[in-house]
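Down below is the structure, laid out as C-alpha cells.
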Amino acid sequence: MNEAELRELILKIIAEETEPTIPIGVSNHHIHLTQSDFDILFPGQEMTVRVPLKQPGEFASNQTVTIVGPRGEVNNVRILGPCRAHSQVELAKTEARQIGVNVPIRMSGDLQGTPTVTVKTKDGQVEIQGAIAAKRHIHMSDKDAEMFGVQKGDIVKVSIETEERKTIFDDVVVRPDPKFVLEMHIDTDEANAANVGKGTVAKLIKD
C-alpha cells in the first residue's frame, strides 16, 4: 500500500467512525385505543402511566389486553397512550400468523383494508379493524433530517452491525417532526433477525 492509498484508507476509517448513528428502539406488540374502546375494556378506569416512551408525550400504560384471532390469542399486549382517534393493533408477523391473522405491513394510522381482531379484558370486549405489522421507520427532528440530508417520507437503507449478524434494512421510512427524538423503530421479528440488543445503533447508507 503506497502513501496515497494509506491516506485514503485513513480518511475512510475516520469518516466511518464519525458518522452519526441512530439508536434503535424495538417495538414489542402493543395497541392504541380510542377513549370509547378503552372505556368498554376498562369501565370506570383511567389509563395510567407505567413508563414514558422516548417520543415526547407517549407512554406505556399499566393496562394490558388480550388479542384474539381465529387460531389463538396474544396475551398481555400493552396499551400505549394517550388515546387516539382510531384504535390500532400492532403485532409482529410471527405472532400474527400464530393466531391466524394476516396483517399487512403498514405505517401507523394507515388502516384501510386491514383485518379485524377481537380485543378483550376480564371486563369487556371490542372488535377492532386495524391490525398491522408496523413498517420500519425512523423518528427524527427536523434538524436531524437536515443533518442526514433526508425529507419526510423518504425511503432509506440502514446498516446494523451486531455480532456475527451485520444486517442491511431497506424500505425504512423517514418520519421527521419538530418534536421527535432520533430513534429507529423495528419490531421483534426484525430485531431478532439482526441480533439487536441494548445499545445497538444503525447507520444510514448513502447511495
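Residues P20 and M147 approach most closely at CB-CE, 4.0 Å, considering heavy atoms. In terms of heavy-atom proximity, I22 sits nearest to E183 at CG2-C, 4.2 Å. Scanning both residues, D187 and A92, for their nearest heavy atoms gives OD2-CA, 4.0 Å. Residues P178 and D142 come closest through the heavy atom pair CG-OD2, 3.3 Å. Among all heavy-atom pairs drawn from P115 and P104, the shortest one is CD-CD, 3.6 Å. Contact detail for H30 and N28: the closest heavy-atom pair is ND1-O, 2.9 Å.
A donor-acceptor contact shorter than 3.5 Å links the side chain of D154 to the backbone of Q151.
Among pairs with a residue in residues 76-89, those fulfilling side chain to side chain donor-acceptor pair (under 3.5 Å) read H32-R84, D37-S87, R84-S108, Q88-E90, Q88-S108, at least two apart in sequence or across chains. A ring-ring contact (aromatic ring centres under 6.0 Å, His included) check over residues 176-204, counting only residues at least two apart or in different chains, returns the pairs H137-H185, H139-F180, H139-H185.
Here the OG1 atom belonging to T21 is positioned 11.5 Å from the CD1 atom belonging to I160, to the nearest 0.5 angstrom. The structure places CD1 of I186 at 8.5 Å from OG of S27, a figure rounded to the nearest 0.5 Å. Interatomic distance, CZ of R175 versus NZ of K135, reported as 12.5 Å (0.5 Å rounding). Interatomic distance, CG of D110 versus CD of Q112, reported as 8.0 Å (0.5 Å rounding). For the atom pair CD of Q63 and OG1 of T121, the computed distance is 10.0 Å after rounding to the nearest 0.5 Å. In this structure, I67 CD1 and I31 CD1 are separated by 4.5 Å, a value rounded to the nearest 0.5 Å.
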Donor-acceptor pairs are to be reported for all side-chain atoms of residues 164-174 against protein atoms at under 3.5 Å, with residues two or more places apart or in another chain.
| unit_1 | atom_1 | unit_2 | atom_2 | d |
| --- | --- | --- | --- | --- |
| R165 | NH1 | N192 | O | 2.9 |
| R165 | NH1 | A193 | O | 3.1 |
| T167 | OG1 | R165 | O | 2.8 |

Please output the side-chain donor-acceptor pairs of residues 123-134 that fall under 3.5 Å, not counting sequence neighbours, one pair per line with the distance.
| unit_1 | atom_1 | unit_2 | atom_2 | d |
| --- | --- | --- | --- | --- |
| E127 | OE1 | T118 | OG1 | 3.0 |
| E127 | OE2 | T118 | OG1 | 2.8 |
| Q129 | NE2 | L111 | O | 2.8 |
| Q129 | NE2 | T114 | O | 3.0 |
| Q129 | NE2 | T114 | OG1 | 2.8 |

List, one per line, each side-chain donor-acceptor pair under 3.5 Å for residues 41-56, sequence neighbours excluded.
| unit_1 | atom_1 | unit_2 | atom_2 | d |
| --- | --- | --- | --- | --- |
| T48 | OG1 | N62 | ND2 | 2.9 |
| Q55 | OE1 | V181 | N | 2.9 |
| Q55 | NE2 | V181 | O | 2.9 |

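Checked against side chain to side chain donor-acceptor pair (under 3.5 Å), Q35 has the following partners two or more places apart in sequence or in another chain: D39.
L204 and M140 fall within the same hydrophobic cluster, where Ile, Leu, Val, Met, Phe, Trp and Tyr residues are linked whenever their side-chain heavy atoms come under 4.5 Å apart, directly or through other members. By the rule that hydrophobic residues join a cluster once side-chain heavy atoms approach within less than 4.5 Å of another member, V201 and I138 end up as members of separate clusters.
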Original post:
Can you check side-chain contact (heavy atoms from CB on, under 4.5 Å) on K198 and I24, steps first, answer last?
Top reply: CA-CA 9 Å; K198 187 176 182 181; I24 296 178; over 6 Å; no
Subject >> Evaluation steps, side-chain contact (heavy atoms from CB on, under 4.5 Å), between V101 and V89 >> reply: CA-CA 12 Å; V101 180; V89 176; over 6 Å; no
